Amino acid sequence: MEINYKTVATTTIPVILKGINVNFSAEYENNVPGIVTFSCDGHFVDESSQRSDYLNFSGSYDCENRSFPAINGGPVSPAFLTLLEQPIMEFYNTINER
């Protein structure tokens, strides 16, 4: 039997981004993870249209290629995804520094 041990990093308190609760996590074996997973839940107000949308989705972000390989649930606001990249990279860089 082979056992793989992994390190898991998670946010203990959700990041609040434009009214949306966002949680981050990453799992890795030896090196810094390339993928950060996230879950989002709350009301997002698009400032340009003043429209409020309820968002409830999760996904993953590839920090090396700066892309979203997977997004589950919906609806997903493209404007919110753009805002989400900075806190994801901050989470990733914090892991990278340790």
Side-chain angles (χ1 to χ4, degrees):
M1 173 188 320
E2 183 177 327
I3 299 173
N4 291 324
Y5 294 94
K6 297 183 180 189
T7 301
V8 176
T10 61
T11 50
T12 55
I13 299 173
V15 174
I16 299 175
L17 184 62
K18 296 284 186 175
I20 306 292
N21 294 318
V22 182
N23 290 293
F24 301 118
S25 65
E27 184 177 285
Y28 52 101
E29 289 182 42
N30 299 320
N31 298 326
V32 174
I35 302 290
V36 170
T37 58
F38 57 87
S39 63
C40 304
D41 181 32
H43 287 276
F44 173 68
V45 178
D46 186 348
E47 294 173 5
S48 62
S49 67
Q50 293 300 311
R51 193 174 118 185
S52 175
D53 291 322
Y54 177 74
L55 302 181
N56 183 3
F57 67 96
S58 61
S60 59
Y61 183 78
D62 183 338
C63 296
E64 294 170 2
N65 295 311
R66 302 234 173 185
S67 64
F68 292 93
I71 297 176
N72 308 306
V76 179
S77 166
F80 186 75
L81 286 179
T82 302
L83 295 172
L84 189 56
E85 288 182 274
Q86 181 181 349
I88 288 174
M89 290 307 296
E90 289 173 4
F91 176 75
Y92 173 78
N93 290 333
T94 301
I95 295 170
N96 197 16
E97 292 171 358
R98 295 185 183 231

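Small disclaimer: the values here were computed from a predicted structure and weren't measured.
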Note, [X] side chain near [Y] side chain (heavy atom, < 4.5 Å):
| X | Y | result |
| --- | --- | --- |
| F91 | Y61 | no |
| I16 | N21 | yes |
| Y28 | I95 | yes |

Margin query: Give me the atom names and distance for the closest heavy-atom approach of G34 to E64.
Written below: CA-OE2, 3.9 Å
Checklist line | Euclidean distance, T7 OG1 relative to E27 CD, rounded to 0.5 Å | finding: 9.0 Å
Margin query: To the nearest 0.5 Å, what is the distance between CZ on R66 and CD1 on I88?
Written below: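 Separation between the atoms: 10.5 Å.
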Notebook entry, point to check: Linking I/L/V/M/F/W/Y whenever their side-chain heavy atoms sit closer than 4.5 Å, directly or via other members, would L81 and L83 fall into one cluster?
Noted result: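 Hydrophobic grouping puts L81 with L83.
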Margin query: Please say yes or no: joined through hydrophobic side-chain contacts below 4.5 Å, possibly via intermediate residues, are F68 and I35 part of one cluster?
Written below: no
Check: Can any side-chain N or O of S39 pair as donor or acceptor with the backbone N or O of S58 at less than 3.5 Å?
Finding: no
Margin query: Under a 3.5 Å distance rule, please check whether S60 uses its side chain to pair with a backbone N or O of P69 as donor and acceptor.
Written below: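 Between the backbone of P69 and the side chain of S60 there is no qualifying donor-acceptor contact (under 3.5 Å).
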Next item on the list: Only counting residues at least two apart or in another chain, list the ones meeting ring pair (Phe, Tyr, Trp, His ring centres under 6.0 Å) with Y92.
Entry: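 Result, ring pair (Phe, Tyr, Trp, His ring centres under 6.0 Å) vs Y92: none returned.
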Next item on the list: Kindly determine whether D41 and Y54 satisfy side-chain contact (heavy atoms from CB on, under 4.5 Å), including the steps that lead there.
Entry: CA-CA 8 Å; D41 181 32; Y54 177 74; 2.3 Å; yes
Margin query: Out of the candidates I71, V22, V15, only one should pair with C40 under the side chain to side chain contact (heavy atoms under 4.5 Å, CB included) rule; please name it.
Written below: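 Answer after filtering I71, V22, V15: V22.
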